[in-house]
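When reading the values below, keep in mind they use all heavy atoms of this one structure, side chains included, and skip hydrogens, waters and symmetry mates.
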Amino acid sequence: MKNIPLFILAFTRPESLKEAIESATTNFSIGKIYVYLDKFYDVDTNKKQKEVIEYLKSLDNVIVNRAKENKGCSVSMKAGMDWVFSIESECLVIEEDVLLTKESALFYEKSLPLIDKSNPFVIRFGQYFWGFYVNKLAVEQIKSFDLLGDRKSVV
């Protein structure tokens, strides 16, 4: 399995983030890890985010981008994806509370030869939307969904 970049949207859950990174690096061959941190907005959150940053500093191959303001999960995920896909052409994408299993890695390995990488693609792992392998060509389509927005507009 080749080295895969990993993108994680994180905020203030250091234990969840550790588990997410551990599950990804245990089950996949991860190259660089990109972490987009949503901006804190109060003193307690600031303390938790400092724990997250200290943890990330202890790891190799991690690049962190901190948002300048808190715009919420959906907008932050889109901003983070813009950032990481300005650098990478494809990567794993998860939130800090999504765990990637051995089964997801096996599914990835079996699916990869079937993908035409000249077209947009997404390999989704499990029931969570934020657990997928995607290429840059599919990102704009993914960003058009507002999965965390106003549920009243869903018919």
I'd like to know if the side chain of [X] reaches the main chain of [Y], judged simply by a donor and an acceptor atom lying under 3.5 Å from each other, with no hydrogens or angles considered.
{"X": "N135", "Y": "N119", "answer": "yes"}
{"X": "N27", "Y": "L100", "answer": "yes"}
{"X": "T26", "Y": "S23", "answer": "no"}

4.5 Å side-chain heavy-atom contact, [X] and [Y]:
{"X": "P5", "Y": "V84", "answer": "no"}
{"X": "V93", "Y": "M77", "answer": "yes"}
{"X": "E88", "Y": "F7", "answer": "no"}
{"X": "T25", "Y": "L6", "answer": "no"}
{"X": "V52", "Y": "V64", "answer": "no"}

Check whether the ring centres of Y133 and F125 lie less than 6.0 Å apart, and answer yes or no. no
Between K117 and E90, does any side-chain N to carboxylate O distance fall below 4.0 Å? yes
Under the side-chain contact (heavy atoms from CB on, under 4.5 Å) criterion, do I33 and N61 qualify, and how do the steps go? CA-CA 6 Å; I33 300 173; N61 267 345; 5.8 Å; no
Atom of A20, atom of E95 and distance for their closest heavy-atom approach: CB-O, 4.3 Å
Measuring from [X]:[atom1] to [Y]:[atom2], what's the distance to the nearest 0.5 Å?
{"X": "E22", "Y": "L17", "atom1": "CD", "atom2": "CG", "answer": "11.5 Å"}
{"X": "L99", "Y": "I94", "atom1": "CG", "atom2": "CD1", "answer": "7.5 Å"}
{"X": "R124", "Y": "S104", "atom1": "CZ", "atom2": "OG", "answer": "13.0 Å"}
{"X": "R66", "Y": "L37", "atom1": "CZ", "atom2": "CG", "answer": "6.5 Å"}
{"X": "N65", "Y": "W83", "atom1": "CG", "atom2": "CH2", "answer": "5.0 Å"}
{"X": "S58", "Y": "I53", "atom1": "OG", "atom2": "CD1", "answer": "12.5 Å"}

Would you say F85 ends up clustered with L137 if hydrophobic residues are merged whenever their side chains have heavy atoms under 4.5 Å apart, either directly or through other cluster members? no
Determine, step by step, whether V98 and F132 satisfy the side-chain contact (heavy atoms from CB on, under 4.5 Å) criterion, reporting the C-alpha distance in whole Å, the side-chain angles of both residues, the deciding distance to 0.1 Å, and the verdict. CA-CA 10 Å; V98 173; F132 55 89; over 6 Å; no
Check this for me: K32, atom NZ, are more than 12 non-hydrogen atoms of other residues, nucleotides or ligands nearer than 6.0 Å? no
